[in-house]
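Counting starts at 1 for both ligands and their atoms, in listed order. Everything quoted here is computed from the prediction, not taken from an experiment.
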Amino acid sequence: MSEKATLTYDGKSYEYPVIVGTENERAIDIAQLRAQTGMITLDDGYSNTGSCVSNITFIDGEQGILRYRGYPIEQLAEHSTFIETAYLIIFGELPTEKQLAEFRNLLVEHMFIHEAMRHHFEGFPASAPPMAILSAMINTMGCFDPLLTQPEDPARFLEASARLISRVRTIAAAAYKKSVGDPIIYPRFDLSYTANFLHMLFCKPNRICRPDPAVERAMDQIFILHADHEQNCSTSTVRMVGSSQANLYASVAAGVCALWGPLHGGANVAVIEMLENIHQSGETIPNFMTKIKDKKAHARLMGFGHRVYKNYDPRAKFIKQSCDAVLSKLGIKDPLLDIALQLEEIAVKDPYFVERKLYPNVDFYSGIIMRAVGIPMNMFTVLFAIGRLPGWIANWREVHLSPQARIYRPRQVYNGPTVRQYVPIGARA
Ligand code: ACO
């Protein structure tokens, strides 16, 4: 028999079905709550609200588990590639050799942006943040692919996904080149997805560069580790926008904007800024930590804490190992890594952090790898966006294909002035 939850209010009882997920997660389905009681639930920040039922990603924040379509993140980071993982996330199964080859061919075929789009880059000031350019250009891309903005059949959806995934790195690299005043570099058909991105980022017409395979692999793993993370702020934004039946490109462009903020994808930049400040000011780590714990200082240890993980973020564990490996392969000794290690060592034993279950998240070490590779800081969040794209596409598709799909439209508890009469401007105090 299916479980029920009972709500008692004002002398009346109401029963609501309990939904049980495949990993035994439980939720009270309150779809009939307002119709039956006239009330809504209030959950500022949505910590207790399930916005959808999804088949894509499973997280157990207490145990530090993350799986895409059932596959543990550690196995994918170890054995898969970003492109194979992207296929898995979007289509639900690991691809066969034939499917992967077809997907790769589409990526190669669509790696160039329309030549007319190159002129759009000229309209941005040199100081334009690459995240702003990325969001604007993804939306612009939809104008050039009108048939693909609402990809109804599977072949069109495959093509739209491949175009977005392939071109987002071309746009990202071009945004960077524009910001430093260098000529835009075209992608090459003979390089892997990630090597191609590094090529477009670092090569110049007078400088051929082939990325170190260790660097290429570390960057590919960073993309894999960021590829989806269930209903985070940017993915929920993509679903929210997509629920109005807005097109795939517009929905993803909105996701880029949500990711931009320092409490979300922008945290990888905030971590490096924090570590640089400590390094340059010569402040001691214990002093810095005292400031963080002082509520009046309104400071946070960036790269620590997570809405869902109340344990080590499994991605952070992997990225920390990868950070050690890349720095030693490149022969780099970064003082910021030493500061990060000291901060972590103190924080994981400090009652303030222990009681609040604050552990390093994915952003704590990823910036140090990107710095070592030579990625400029204003591109860190852009790289996160490239990695997260498969998750956004898969979630948009889930909303789009769901037979129960309705526009996302939360309610509120109004707490403003009650009714009052309009006062002509001359009569106002
Ligand atoms: N440093 C110090 N204290 C913190 C931190 C932190 N990084 N994070 C949370 N806390 C404290 C809060 O002050 C609060 O303390 P209180 O109970 O005494 O008031 C308590 O821990 C709970 O914090 P909330 O803000 O309620 O936690 P929430 O789930 O809303 O926030 C978030 C999660 C935004 C990630 C937060 O931990 C944070 O700001 N971290 C730093 C920014 C960061 O690294 N963001 C990246 C997240 S991962 C990602 O988006 C890819």
Side-chain angles (χ1 to χ4, degrees), residues 43-49 57 59 61-62 64 66 68 73 131 221-238 255-275 277-278 285-320 336 339-340 342-370 377 380-392 395:
D43 184 19
D44 211 350
Y46 307 133
S47 314
N48 307 284
T49 297
T57 289
I59 302 177
E62 306 301 323
L66 169 61
Y68 301 154
I73 188 72
M131 284 297 271
Q221 282 173 332
I222 287 187
F223 288 149
I224 294 172
L225 295 169
H226 285 83
D228 194 38
H229 212 238
E230 54 118 301
Q231 302 314 314
N232 56 83
C233 178
S234 55
T235 304
S236 299
T237 301
V238 171
V256 171
C257 294
L259 186 71
W260 194 354
L263 294 189
H264 190 13
N268 49 22
V269 175
V271 170
I272 297 296
E273 285 171 350
M274 174 187 79
L275 297 174
N277 282 342
I278 299 174
I285 305 289
N287 253 359
F288 179 77
M289 288 304 247
T290 308
K291 236 169 38 197
I292 291 287
K293 292 184 284 178
D294 176 6
K295 287 278 161 199
K296 291 195 277 308
H298 296 294
R300 292 213 159 178
L301 181 58
M302 300 311 285
F304 257 72
H306 198 277
R307 172 61 60 81
V308 179
Y309 293 118
K310 301 302 166 199
N311 199 327
Y312 262 90
D313 178 338
R315 303 167 299 173
K317 274 191 193 166
F318 205 94
I319 285 188
K320 186 177 174 184
L336 300 198
I339 296 173
Q342 287 176 58
L343 287 171
E344 180 185 341
E345 200 184 326
I346 295 183
V348 296
K349 290 186 202 132
D350 187 307
Y352 174 95
F353 291 88
V354 174
E355 279 158 21
R356 289 170 178 78
K357 300 186 177 166
L358 302 169
Y359 294 92
N361 61 45
V362 67
D363 293 314
F364 197 60
Y365 290 103
S366 63
I368 298 175
I369 302 185
M370 292 195 258
M377 208 147 73
F380 286 8
T381 316
V382 172
L383 265 77
F384 190 155
I386 296 175
R388 184 54 54 87
L389 194 54
W392 290 337
N395 274 276

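Closest to atom 42 (C) of ligand 1 among all protein heavy atoms lies M302 CE, 3.4 Å. Protein heavy atom at the shortest distance from atom 35 (C) of ligand 1 is G305 O, 3.6 Å. Remark: minimum distance from atom 50 (O) of ligand 1 to any protein heavy atom is reached at H264 ND1, 3.0 Å. Scanning the protein heavy atoms around atom 48 (S) of ligand 1, the nearest turns out to be H306 CD2, 3.6 Å. Taking atom 1 (N) of ligand 1 as the reference point, the nearest protein heavy-atom neighbour is L301 N, 2.9 Å. Among all protein heavy atoms, the one lying closest to atom 21 (O) of ligand 1 is R356 CD, 3.3 Å. Protein heavy atom closest to atom 47 (C) of ligand 1, with residue, atom name and distance, is N361 ND2, 3.6 Å.
Where the criterion is an N or O separation shorter than 3.5 Å, residue side chain and backbone included, K310 fails it with respect to ligand 1. No N or O atom of A267 sits closer than 3.5 Å to an N or O atom of ligand 1. Ligand 1 has a nitrogen or oxygen under 3.5 angstrom from a nitrogen or oxygen of G303.
Less than 4.0 angstrom separates atom 27 (O) of ligand 1 from none of the non-hydrogen atoms of the protein.
Nearest heavy-atom pair, R388 versus H226, reported as atom, atom and distance to 0.1 Å: NE-O, 2.6 Å.
Other residues, nucleotides and ligands contribute only 12 or fewer heavy atoms inside 6.0 Å of the CD atom of E345. Counting heavy-atom neighbours within 6.0 Å of K310 NZ, excluding the residue itself, gives a total above 12. Within a 6.0 Å radius of CG in D43, more than 12 heavy atoms belonging to other residues, nucleotides or ligands are found. Heavy atoms from other residues, nucleotides or ligands lying under 6.0 Å from OH of Y46 number 12 at most. Annotation: K293, atom NZ; neighbour count of heavy atoms from other residues, nucleotides and ligands within 6.0 Å is above 12.
Using a 4.0 Å cut-off between heavy atoms, V362 contacts ligand 1 through its side chain alone, with no backbone atom that close. Residue-level proximity to ligand 1 for R300 is carried by backbone and side chain together, each with a heavy atom below 4.0 angstrom. Of all the heavy atoms of K295, the ones lying under 4.0 Å from any atom of ligand 1 belong exclusively to the side chain.
With ligand atoms numbered from 1 in the order given, ligand 1 contributes 28 (P), 29 (O), 30 (O), 33 (C) to contacts under 4.0 Å with heavy atoms of R307. Remark: ligand 1 atoms within the under-4.0 Å shell around heavy atoms of L263 are 39 (O), 45 (N), 46 (C), 47 (C), 50 (O).
Comparing Y309, Y352, F304 against atom 2 (C) of ligand 1, the shortest heavy-atom distance belongs to Y352. Among D363, L358, T381, the residue whose heavy atom lies nearest to atom 5 (C) of ligand 1 is L358.
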(request) List the steps, then state whether ring pair (Phe, Tyr, Trp, His ring centres under 6.0 Å) holds for Y309 with H229. (result) CA-CA 11 Å; Y309 293 118; H229 212 238; 5.2 Å; yes
(request) Check the pair T57 / D228 against side chain to side chain donor-acceptor pair (under 3.5 Å), numbers first and verdict last. (result) CA-CA 7 Å; T57 289; D228 194 38; 2.6 Å; yes
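Within the 4.0 Å heavy-atom shell around ligand 1 one finds F384.
The backbone N or O of E62 sits less than 3.5 Å from a side-chain atom of N311, completing a donor-acceptor pair.
Side-chain contact of S366 with N268: a donor-acceptor pair under 3.5 Å is absent, judged by distance alone.
In this structure, CG in L336 is found 12.0 Å from OH in Y365, a value given to the nearest 0.5 Å.
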